[in-house]
There are 2 protein chains.
Amino acid sequence: MSKQNISLSVIKRLPKYYRYLESINEKGIIRVSSKELSEITGLTASQIRQDLNHFGCFGQQGYGYNVKELIGELSKIIGVDKSYKIVLIGYGNIGHALYQYKSFRDLGYEFEAVFDKEEFTHEELKVQKIDDLGDFLKNNKVDIGIIATPKTVAQEIADILCEGGIKGIWNFSPVDLKVKNGVVIESVHLDESLFTLTYFMNSPEDFIF
Amino acid sequence: MSKQNISLSVIKRLPKYYRYLESINEKGIIRVSSKELSEITGLTASQIRQDLNHFGCFGQQGYGYNVKELIGELSKIIGVDKSYKIVLIGYGNIGHALYQYKSFRDLGYEFEAVFDKEEFTHEELKVQKIDDLGDFLKNNKVDIGIIATPKTVAQEIADILCEGGIKGIWNFSPVDLKVKNGVVIESVHLDESLFTLTYFMNSPEDFIF
DNA sequence: TAGATTGTTAATCGATTAACAATC
DNA sequence: TAGATTGTTAATCGATTAACAATC
């Protein structure tokens, strides 16, 4: 039941469970079985039960899972029950979109500061000069750095973030960053996603989803 | 050597190969071995060779792969050698960012029209009313629909897109869309990505990447 | 109690890695 | 030719699915 040895495949499914359970909960449903979850998620009931059992015994024989309770457990497992302090680097198209995205704030992800190449003010938001990032991190405890810069400077920014004691990087630039052990990287490679779509559009015989 | 039976794992790696090869090419490097590719991508040489051999014999014993040639082959396999016509639905934060993103245009992805709840004009771009999407698709051949709407209307939009004969949907709303067979869905679930990051930030012992 | 459904072990399936003959 | 490196088969490893005893 230790957290050790849990595979990436399992972990990547946790947010999906969380999302479906939230939508079930919004409908006012109290309990759900792995079979029912299987039907709406498209995963097998067996896999759902085994995934959850990596973290604990949240169900009850003959009953299934209590929706609210399971959401609570998943929140703790994923860590969305806590709040996180963020710095955003790169206030271009994507950076701007992420900054505006309200859902993340509601979940407890708080933007502490925004940096770009040059300092400027945009609708009451003071965007700071990137040169001041290092100092800012020295004086403020920040958990997550979002990199939404051109790929040419992404690694450089990552280095500053690591040096500043950040715990995780959410990377939107199309490069694979190298960081010291202990810092977590999660990348959103939009180019790769679009290419995957493109591949399948040209391969009508491929029905592996 | 048929395209049948190629697993999703393999296909998801193709864009990565493409990206690394482009960067090697930019450095003016002519040839590359699977061993060298292994070192920069972090994948095993064996896996790289086996992945590529699903699509053809692009290498040469004792030499390796010609960088430009392999890029050309990958372009054809992925389908980035062609151009694609896009409609964007939802011109909010993310929709706006995607519309502005220059790289995609350079690669041959062309925005034919943009739709939102109400029609309006923004910096010379005429955003059309969503009610006109169906008609637009009847009169224009469109390949890809990008959904960047609130989740409440995403499935409804997907239905209109399918009805309109679209081939692929790039979905940014946090739902799993259901479409008729033959239409390809690729979703970018930002919430799931952020949750995965969050999970690992709270699990320092987990070193499975 | 009888029916339902979990938690968990065992069986199957698929993906990755290792090895090496072929050959440039 | 000798060295390097591919393409491909076989071995290993890991993830998914099936099955079922436990039990609510």
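Residue numbers begin at 1 in each chain, while the letters A, B, ... track the order of the sequences. Excluded from the calculations below are hydrogen atoms, water molecules and symmetry mates; all remaining heavy atoms, backbone and side chain alike, are included.
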Exercise. Is there a donor and acceptor pair, one atom on the side chain of B:Gln50 and one on the base of D:dT8, closer than 3.5 Å?
Worked result: no

Exercise. Under the 3.5 Å rule, do the base of C:dA15 and the side chain of B:Ser7 count as making a donor-acceptor pair?
Worked result: no

Between [options], which nucleotide gets closest to the side-chain atoms of [X]?
X	options	answer
A:Asn53	C:dT6, C:dT23, C:dT8	C:dT8
A:Ser33	D:dT6, D:dT5, C:dT6	C:dT6
A:Gln47	D:dT23, D:dT16, C:dT23	D:dT16
A:Cys57	C:dG7, D:dT5, C:dT17	C:dG7

Exercise. B:Tyr99 ring centre to B:Arg105 NZ or CZ under 6.0 Å, with the angle to the axis within 45°?
Worked result: yes

Exercise. Taking a pair as Watson-Crick or G-U wobble with both distances under 3.5 Å, which nucleotide is matched to C:dT8?
Worked result: D:dA19

Seminar exercise, completed: Checking N1-N3 plus N6-O4 or O6-N4 for Watson-Crick, or N1-O2 and O6-N3 for wobble, each under 3.5 Å, the partner of C:dC24 is D:dG3

For this session: Take A:Asp159 and A:Lys178, measure what salt bridge (Lys or Arg N to Asp or Glu O under 4.0 Å) needs, and give me the verdict at the end.
Result: CA-CA 8 Å; A:Asp159 294 341; A:Lys178 292 196 173 66; over 6 Å; no

Exercise. Does the gap between the ring centers of B:Phe115 and B:Phe136 come in under 6.0 Å?
Worked result: yes

Exercise. Counting any heavy atom closer than 4.0 Å, what does A:Ser46 reach on the DNA or RNA strands: base, sugar-phosphate only, or nothing?
Worked result: base

Problem set entry | Gap between atom OG of B:Ser203 and atom CD1 of A:Ile11 - 0.5 Å precision | 7.0 Å

Below 4.0 angstrom from OP1 or OP2 of [N], is there any side-chain N or O of [X]?
X	N	value
B:Thr44	C:dT16	no
B:Tyr65	D:dA4	no
B:Arg49	C:dT17	no

Problem set entry | Value in whole Å for how far the P atom of D:dT8 lies from CG of B:Leu52 | 12 Å

For this session: Let me know the distance between NE2 of A:His54 and P of C:dT6, rounded to the nearest Å.
Result: 17 Å

Exercise. So, are B:Glu186 and B:Lys167 salt-bridged, with charged N and O less than 4.0 Å apart?
Worked result: no

